[in-house]
2 protein chains.
Amino acid sequence: MNVHSTTQVPKMIKLDKRDEILRAARELIAEHGFHGAPMALIADRAGVGAGTIYRYFENKDVLIGQLHQNLEERLYPHILTGYAADQTIRARFLHLGTALLHYFIANPLDYRFLQQFYNSPYGVDHRRDKILGVKDGNDVFCVLFAEGVTQQVLKDLPMVILFGLYFGPLLAVARDHILGFIQLDEDLITRTVAACWEGIQK
Amino acid sequence: MNVHSTTQVPKMIKLDKRDEILRAARELIAEHGFHGAPMALIADRAGVGAGTIYRYFENKDVLIGQLHQNLEERLYPHILTGYAADQTIRARFLHLGTALLHYFIANPLDYRFLQQFYNSPYGVDHRRDKILGVKDGNDVFCVLFAEGVTQQVLKDLPMVILFGLYFGPLLAVARDHILGFIQLDEDLITRTVAACWEGIQK
DNA sequence: CAAAACGGAATGAACGTTCATTCCACTACT
DNA sequence: AGTAGTGGAATGAACGTTCATTCCGTTTTG
């Protein structure tokens with residue numbers, strides 16, 4: 001009927017299915033780990049056939065890599081909302097930490113997927129590339145930590161340790177909230193992030 | 001000749017094989033995760049037949065549970081060496097944190113096994129039991145944290161969060177050392193543990 | 001004291017299941 | 001009618017587990 005739809009409709013359909021597959025895979029991996037997310041189940045939950053997945057992703061490894069990338073594309077805009085480079089370093093740390101906790105509380109599946117990801121060979125390789133500087137180092141966090149070190153408001157410790165001191169507790173607390181071991185509220189979040197800051201400040 | 005040997009010799013042989021299986025399983029799981037440690041490989045590395053494992057452990061789940069128990073039995077004596085309940089709370093925190101880091105650095109396979117364990121359903125269930133008080137709460141760490149809270153030298157935060165604030169960075173730093181992202185020395189360890197303490201103290 | 005018989009420990013081939021991936025008949029559009 | 005897209009059965013590799021058999025130290029027998 002409409003001649004103009006010929007190029008658009010197929011593209012839209014493709015994107016829809018791709019997104020459904022990503023969503024289904026994220027849910028299953030977050031809930032049951034990599035082992036509890038066979039391709040057949042992902043296909044079922046996405047409402048597509050098992051073979052269809054391979055039209056969008058070369059294999060399971062590629063699918064998982066795309067999931068990670070997709071997550072970063074949703075996480076970064078969120079934590080950068082209201083982030084201003086002209087704030088004090090302390091204010092920026094508190095902003096990022098709070099935003100990170102909020103995001104994980106609002107998107108527990110994303111947290112649990114990340115947890116699975118970084119505790120697998122995928123994540124270790126990914127981090128190795130990043131730390132050893134193979135990839136671009138202009139990460140928001142890297143920039144902020146580097147600035148804190150040069151301005152001497154942060155402890156004189158290697159960057160990697162500062163990262164651990166700041167993100168270690170944040171991720172642990174997020175995990176315990178998501179697992180139901182504790183109920184975080186605004187006040188608790190504020191005080192937790194403040195404690196993380198105290199750990200790294202000079 | 002010696003009548004008494006009849007009961008002892010078989011027992012010694014049995015213990016040896018059991019230990020070999022535990023060691024092989026720990027190594028493989030630490031190096032390649034639960035998925036990269038099939039029973040056949042564990043048997044190979046232990047120098048026993050595949051079926052032999054099932055003479056000592058009912059199934060893989062039980063084997064993994066025993067591995068965790070075995071690890072705690074080796075870890076606790078180590079971190080409690082030189083630990084005195086009459087020291088200040090701060091001194092005791094520094095002692096335990098330092099001992100923990102030292103242990104993980106000296107026994108990276110144990111760290112990596114624990115990492116795998118706590119990021120699996122086994123570990124989550126285990127922690128749920130512990131936190132919800134199903135098990136005995138007279139853990140060294142629990143006692144110390146509780147004392148710190150009642151004596152008001154620790155921040156007024158829920159125990160679970162204090163745990164996260166203290167162990168989160170420690171485990172993150174241990175991980176990065178073991179993965180080779182940083183080379184910890186005595187000085188770095190001392191300052192890292194001190195930073196962890198600063199995060200939880202009032 | 002030698003030799004035969006015994007019994008539990010050890011074995012690894014085999015089994016059933018589950019997984020990622022492939023393949024091809026079928027659909028739905030133009 | 002032709003073609004790109006789709007679903008789900010088919011495939012083979014890999015897994016945990018089982019079990020008939022072997023092995024070996026001890027005991028019993030002659």
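Just so it is clear, the structure is predicted and the values come from calculations on it, not from any experiment. The sequence lines fix the lettering, A, B, ..., with proteins before strands; numbering per chain opens at 1.
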Measure the distance from [atom1] on [X] to [atom2] on [N] and round it to the nearest whole Å.
| X | N | atom1 | atom2 | result |
| --- | --- | --- | --- | --- |
| B:R55 | D:dC23 | CZ | P | 17 Å |
| A:I21 | D:dT6 | CD1 | P | 9 Å |
| A:R18 | D:dT6 | CZ | P | 14 Å |
| B:I29 | D:dC15 | CD1 | C1' | 14 Å |
| A:L28 | C:dC19 | CG | P | 11 Å |
| A:I53 | C:dT21 | CD1 | P | 10 Å |
| B:L63 | D:dG16 | CG | C1' | 12 Å |

>> If we count only N and O atoms by modelled type, under 3.5 Å, do the side chains of B:E186 and B:H102 hold a donor and an acceptor together?
In response: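 A donor-acceptor contact under 3.5 Å links the two side chains.
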
>> Side chains of B:D19 and B:Y56 only: does a donor on one sit below 3.5 Å from an acceptor on the other?
In response: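 Per modelled atom types, B:D19 and B:Y56 side chains form no pair under 3.5 Å.
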
>> Is it true that, when you exclude B:R74 itself, more than 12 heavy atoms of the residues, nucleotides or ligands shown sit nearer than 6.0 Å to its CZ?
In response: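 Yes, because the 6.0 Å sphere around CZ of B:R74 holds more than 12 heavy atoms from other groups.
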
> On DNA chain C, nearest-nucleotide positions of A:P38 versus B:A50: which is more 5'?
Replying inline: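 Nearest nucleotide further toward 5': that of B:A50.
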
Given [options], identify the nucleotide with an atom nearest to the side chain of [X].
| X | options | result |
| --- | --- | --- |
| A:M39 | C:dT21, D:dT6, D:dT17 | C:dT21 |
| B:K17 | C:dC19, C:dT11, D:dT6 | C:dT11 |
| A:Y54 | D:dT18, D:dG5, C:dA20 | C:dA20 |

> Can we call the ring centroids of B:H68 and B:Y118 under 6.0 Å apart?
Replying inline: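 B:H68 vs B:Y118: aromatic centres under 6.0 Å.
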
> So which one's nearest nucleotide on DNA chain D is more toward 5', B:T52 or B:K60?
Replying inline: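 Looking at the nearest nucleotide for each, B:K60 comes out on the 5' side.
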
>> Parallel, tilted or perpendicular, judged at 30° and 60°: which one describes the rings of B:Y122 and B:F34?
In response: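 It falls in the tilted class, 30° to 60°.
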
> Given Watson-Crick or G-U pairs with both distances under 3.5 Å, what dot-bracket string fits DNA chain D, with | for other-strand pairs and [ ] for crossing?
Replying inline: ||||||||||||||||||||||||||||||

>> Under a 4.0 Å threshold between the charged nitrogen and the carboxylate oxygen, would B:R23 count as salt-bridged to B:E20?
In response: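 So B:E20 pairs with B:R23 through a salt bridge.
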
